[in-house]
There are 2 protein chains.
Amino acid sequence: MAHPNRDAEYLGKLQDYYADYRNLPSYSVIGDLLGLASKSAVSALVKRLMLAGYVDTTPDKRLAPTKRFFERELADFPVPAGLPAAANDAMSEAISIDDYLIECPSASVMVRVKGDSMIDAGIHDGDIAVVEKRHGAKLGDVVVAIVDGEYTLKTLSRDKQGYVLMPHNPAYEPIRPKEGLEIFGVMVGLIRKYK
Amino acid sequence: MAHPNRDAEYLGKLQDYYADYRNLPSYSVIGDLLGLASKSAVSALVKRLMLAGYVDTTPDKRLAPTKRFFERELADFPVPAGLPAAANDAMSEAISIDDYLIECPSASVMVRVKGDSMIDAGIHDGDIAVVEKRHGAKLGDVVVAIVDGEYTLKTLSRDKQGYVLMPHNPAYEPIRPKEGLEIFGVMVGLIRKYK
DNA sequence: GCTAGAGTAGAACGTTTGTTCTGCACAGGT
DNA sequence: ACCTGTGCAGAACAAACGTTCTACTCTAGC
């Protein structure tokens, strides 16, 4: 299987290119970039990278990076004794926080949280909630509901009398919508910035 | 300038496509995606998006998203009745989550939070802390400190006897480092994903 | 009802795409 | 030194690319 080291170097250059432009170049540009004068060489390289799982192709035949494409050399992490388990699972598969939190950009809205009615759920005044606009919500979801023309963030719950919007702060009362319950969206993420 | 609303809808679909494949489709695929039967329509759209700063082109002529492409609208919470989209031109800003949370990418690390010792500060087990590696921390900062070779997330505080690492959970005791205090970094952001 | 403008369909175009083939160059093993 | 295999250069190819043009279809304003 060729020069694996060479391939790693090539992959690095492609990663750099992607970092600059946020998409992968065409075969001929890959050639320029890597110093390969012929497209057959590029073609062979791409095949190897695809086999190794670093790139893939979109429904049309374009090159697209896979999750593995974004893995960084482990050596880059000087791991001291018991490094705080660098968020390795789901997060490391994502290119960015954006990618991690938002699955469907067009349906997602960010909303700044006002008030402390959800403070016991770890949602503070000033935090940003990532809300996915959809009407179906499950019990237990934190939802943005529309009550009397006002938007409010609460946990969706229900009891014998019907749906209840539960705050997470003993100082607040549960809300029982009289006129049916309108759900604006479901909270899928939280972002907080310190200072 | 055409149908700005229509364009926003189109942009959303492109963002969704990008979220799926991590690169932008070709003109003809854009056409399929958006329901435009002709490439001239796509061409016009792309020109408008380029003018608005959402996309750009790479050195070869491929389409690439700009930073702006990743910005999402941030709405203030009690959004007045009516669709958020309409009212808040002036009020809302658009931010990119990564830019918002991470000022210095090379010095920032993401760490998954273990345990509930900070729960009263709204930091839950499983959350991801964005930590900026630096040694200077101010009193009151949430810091990642190294105590006895272990990393721990606590609020930095001090009293007559010296520095104290304060948990935010009555079930935990404050930590008084005997051997001097080593700060790994300062927590600058929090990310939580639901479900 | 008519006109003016904007936006799209559809086709034409030259260019570039990615694939595939052949032939050369350099390597290691025998 | 000889093979043998692998990888790259270079060219040929159909398909797809993005650009540009014209003509049609709407809508808004008069």
Side-chain angles (χ1 to χ4, degrees), chain A residues 1-66 68-69 106, chain B residues 1-18 20-66 68-69 83 85-86 89:
Chain A
M1 167 109 322
H3 296 173
N5 301 341
R6 184 70 63 87
D7 280 4
E9 179 196 329
Y10 288 163
L11 180 61
K13 290 193 182 178
L14 289 180
Q15 287 167 335
D16 290 346
Y17 184 96
Y18 189 92
D20 284 347
Y21 298 111
R22 285 176 275 274
N23 78 5
L24 288 174
S26 68
Y27 278 37
S28 65
V29 174
I30 294 180
D32 293 352
L33 213 60
L34 270 40
L36 299 176
S38 118
K39 286 199 280 182
S40 65
V42 176
S43 177
L45 170 68
V46 169
K47 255 178 205 142
R48 270 175 272 139
L49 291 180
M50 269 172 63
L51 218 67
Y54 288 107
V55 299
D56 201 357
T57 113
T58 58
D60 49 333
K61 303 285 211 147
R62 310 202 139 193
L63 232 46
T66 61
R68 181 181 287 211
F69 184 84
S106 66
Chain B
M1 164 113 317
H3 296 173
N5 299 342
R6 184 71 63 88
D7 281 3
E9 179 196 329
Y10 287 162
L11 178 62
K13 290 193 179 176
L14 290 179
Q15 287 168 332
D16 290 348
Y17 184 97
Y18 190 92
D20 284 347
Y21 297 111
R22 288 176 251 281
N23 80 5
L24 289 174
S26 68
Y27 279 38
S28 64
V29 175
I30 294 180
D32 293 352
L33 214 61
L34 270 42
L36 299 177
S38 121
K39 285 200 279 182
S40 65
V42 175
S43 178
L45 169 69
V46 169
K47 255 178 205 141
R48 271 176 271 139
L49 290 180
M50 269 172 61
L51 217 69
Y54 288 108
V55 299
D56 200 357
T57 103
T58 59
D60 49 332
K61 304 284 212 149
R62 310 201 138 193
L63 233 46
T66 61
R68 188 117 185 241
F69 188 83
L83 273 180
D89 303 79

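Chain identifiers are assigned alphabetically (A, B, ...) following the order of the sequence lines, protein sequences preceding nucleic acid strands; residue numbering begins at 1 within each chain. Computed from heavy atoms alone, side chains included, the values below leave out hydrogens, waters and symmetry copies.
When side chains are defined from C-beta on, B:L51 does not count as touching B:K47, because their heavy atoms never get closer than 4.5 Å. Here the side chains of A:L14 and A:L49 are in contact, with some heavy-atom distance below 4.5 Å.
In terms of position along DNA chain C, the nucleotide closest to B:S38 lies nearer the 5' end than the nucleotide closest to the other residue of the pair B:S38 and B:R62. Between B:L63 and B:S40, the one whose closest nucleotide on DNA chain D sits nearer the 5' end is B:L63.
Straight-line distance from the CG atom of A:L36 to the P atom of D:dG10: 12 Å, rounded to whole Å. Note: NZ (B:K39) to P (C:dG10) measures 13 Å, nearest angstrom. If you measure from atom CG of B:L45 to atom C1' of C:dA6, you get 15 Å, rounded to the nearest angstrom.
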Show me the donor-acceptor pairs, under 3.5 Å and distance only, between side chains in residues 29-39 of chain B and residues at least two apart or in other chains.
| residue | atom | partner | partner atom | Å |
| --- | --- | --- | --- | --- |
| B:S38 | OG | B:S40 | N | 3.1 |
| B:S38 | OG | B:S40 | OG | 2.8 |
| B:S38 | OG | B:A41 | N | 3.4 |

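Side-chain atoms of A:T66 come within 3.5 Å of backbone N or O of A:Y54 as a donor-acceptor pair.
For DNA chain D, the neighbouring residues in residues 23-32 of chain B, judged by any heavy atom under 4.0 Å, are B:S26, B:Y27, B:S28.
When distances are taken from the side chain of A:S43 to each of D:dT19, C:dG10, C:dT20, the shortest belongs to C:dT20.
For C:dG18, the base has no donor-acceptor partner in the side chain of A:K61 [N/O atoms by modelled type, under 3.5 angstrom].
Contact annotation: A:R48 reaches the phosphate of D:dC8 (side-chain N/O to OP1 or OP2, under 4.0 Å).
Closest heavy-atom contact between A:Y17 and A:L24: CE2-C, 4.2 Å.
Contact annotation for A:A37: backbone-only contact, meaning every heavy-atom pair under 4.0 Å involves sugar-phosphate atoms and none involves a base.
To the nearest 0.5 Å, atoms OH (B:Y21) and CG (A:D56) are separated by 9.5 Å.
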